[in-house]
Each structure stands twice: as structure tokens, then as C-alpha cells.
Amino acid sequence: QVQLVESGGGLVQSGDSLTLACEFFGGAFYDYTMGWFRQAPGREREFVAAIRGSGGTPDYTDSVKGRVTISRDNIKNKVYLQMNSLHPEDPSIYYCAADTTKSIAAVVIIYDYWGSGTQVTVSS
């Protein structure tokens, strides 16, 4: 059974940087496309970024392009989300997700496994 464990969330100031990590357990990490989503209170869960098992060109939602970098380490079974210049609209619970398909998807229902999330709070 695949399990995902996020870490790295916390309270930061507007303009700061933060790197989230997600550790993958219970499967062949290389076979999974990994995604990051976020959900703010009262809002739907939204796509942030995703990267294929082999790496390659990631995909990002438009609102984070240029500020966020997704990467993965297939030796450590981890995926990372580096976020720079955090905005007041960035605070959310950030979720890591794993998808068995080989393509990148920005849709929640495509992903098969989810972590429990890590909270990011940005103070002005």
C-alpha cells in the first residue's frame, strides 16, 4: 500500500521561501507521476505542480509559474516543492499525490494516493 508523508510546512513571512517534501512508501516510486495540490479554507483543492516518474519537464499552474519548482529524487523516494516569494494568497494545506499513469494530470480525481497534507501559513 502506497503511503505519502509530507513535511516542511510552517509559518513564514510574505516574500519568504519554503521547501516542502513528500516521502513515498510502499511501491516503485519511479512508476508514479507525483503532484502537489493545495486547498485553502472554503475552497476546492487545486493543482500546483506535477512531475513524471522519469523527471522531464514538469507542469505548473499559471499562478505559481516562476515562483515554484517541483523536483524529485528517485533514490530517496521523495518529491519536493520549492516555493519562493510566498504571497498572502499562498497559504493552504499542501498535499502530495501519486498517480500511476505516465502522463501529467492537473485533476484531483486522476491521482490514486494522497498524503494527509502540510499547512503553509504566510504572515504579512
Side-chain angles (χ1 to χ4, degrees):
Q1 179 74 10
V2 170
Q3 290 187 317
L4 305 173
V5 180
E6 301 98 336
S7 61
L11 172 64
V12 297
Q13 300 219 338
S14 181
D16 282 355
S17 299
L18 193 66
T19 298
L20 307 180
C22 172
E23 190 166 7
F24 177 101
F25 299 92
F29 183 59
Y30 183 89
D31 286 341
Y32 289 80
T33 292
M34 299 299 297
W36 284 98
F37 289 75
R38 65 185 180 185
Q39 188 168 17
R43 301 186 67 177
E44 292 188 355
R45 193 167 299 188
E46 64 174 1
F47 172 76
V48 177
I51 186 169
R52 292 180 181 83
S54 59
T57 303
D59 191 27
Y60 299 95
T61 192
D62 286 345
S63 64
V64 304
K65 283 181 180 177
R67 299 192 297 121
V68 167
T69 302
I70 187 171
S71 61
R72 63 189 294 154
D73 185 331
N74 286 349
I75 301 297
K76 295 181 177 180
N77 287 3
K78 288 186 175 180
V79 60
Y80 303 95
L81 188 72
Q82 180 181 346
M83 301 185 291
N84 300 319
S85 302
L86 282 161
H87 294 168
E89 62 265 26
D90 289 323
S92 288
I93 298 176
Y94 282 73
Y95 296 93
C96 172
D99 168 23
T100 54
T101 66
K102 302 301 183 184
S103 60
I104 287 182
V107 180
V108 169
I109 62 172
I110 296 296
Y111 287 79
D112 304 287
Y113 301 99
W114 292 84
S116 58
T118 186
Q119 177 75 50
V120 174
T121 304
V122 180
S123 66
S124 57

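Worth knowing before you read on, the calculation uses all heavy atoms, side chains too, and leaves out hydrogens, waters and symmetry mates. In this chain, numbering begins with 1 at the start of the sequence shown. Given the structure is predicted, the values throughout are model-derived calculations rather than measurements.
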Indicate the atoms forming the closest heavy-atom contact of A98 with Y32, along with that distance. CB-CD2, 3.8 Å
Determine, stepwise, if the pair D99 / D112 fulfils side-chain contact (heavy atoms from CB on, under 4.5 Å). CA-CA 5 Å; D99 168 23; D112 304 287; 3.7 Å; yes
S14 and S124 have their tightest heavy-atom pair at CB-CA, 4.2 Å
Do Y95 and V122 belong together in a cluster built from hydrophobic side chains that touch within less than 4.5 Å? no
I need the F47 CZ to D62 CG distance, nearest 0.5 Å. 10.5 Å
Between CG of D31 and OG1 of T101, what distance do you get to the nearest 0.5 Å? 11.5 Å
Rounding to 0.5 Å, atoms CG (L86) and CZ (R67) come to a distance of 6.5 Å
Side chains of V79 and F24: does their closest heavy-atom pair fall under 4.5 Å? no
To the nearest 0.5 Å, what is the distance between OH (Y80) and OG1 (T69)? 14.0 Å
Under 4.5 Å between side-chain heavy atoms, hopping through other hydrophobics if needed: is there a path connecting W114 to V120? no
Interatomic distance, E23 atom CD to K76 atom NZ [nearest 0.5 angstrom]: 10.0 Å
Hey, quick one: are I93 and V12 part of the same hydrophobic cluster, counting side-chain heavy atoms closer than 4.5 Å, chains of contacts allowed? no
Which one of I70, L20, T19 satisfies the side chain to side chain contact (heavy atoms under 4.5 Å, CB included) criterion with M83? L20
A quick test of your reading: do over 12 heavy atoms of other residues, nucleotides or ligands sit less than 6.0 Å from CD of Q3? no
What's the shortest heavy-atom distance between A50 and T33, and which atoms? CB-CG2, 4.5 Å
Point-to-point distance, once rounded to the nearest 0.5 Å, from CD1 of I104 to CD1 of I110: 13.0 Å
When every non-hydrogen atom of L4 is compared with those of C22, the smallest separation belongs to CB-SG, 3.9 Å
Identify each donor-acceptor pair in which a side-chain atom of residues 34-41 lies under 3.5 Å from a protein atom, sequence neighbours left out, and give them as a table.
from	atom 1	to	atom 2	distance (Å)
R38	NE	E46	OE2	2.6
R38	NH1	D90	OD1	3.0
R38	NH1	Y94	OH	3.0
R38	NH2	E46	OE2	3.3
Q39	OE1	R45	NE	3.2
Q39	OE1	R45	NH2	3.3
Q39	NE2	R43	O	3.1

Where do F29 and K78 land on the side-chain contact (heavy atoms from CB on, under 4.5 Å) test, with the steps shown first? CA-CA 8 Å; F29 183 59; K78 288 186 175 180; 5.6 Å; no
Within the side chain of Y111, is there an N or O that forms a donor-acceptor pair under 3.5 Å with the backbone of A105? yes
V2 versus G26, closest heavy-atom pair with distance: CG2-O, 3.9 Å
For R52, does its backbone N or O pair with a side-chain atom of R72 as donor and acceptor, under 3.5 Å? yes
Are the side chain of E6 and the backbone of T118 linked by a donor-acceptor contact shorter than 3.5 Å? no
Which heavy atom of L81 sits nearest a heavy atom of A49, and at what distance? CD1-CB, 4.1 Å
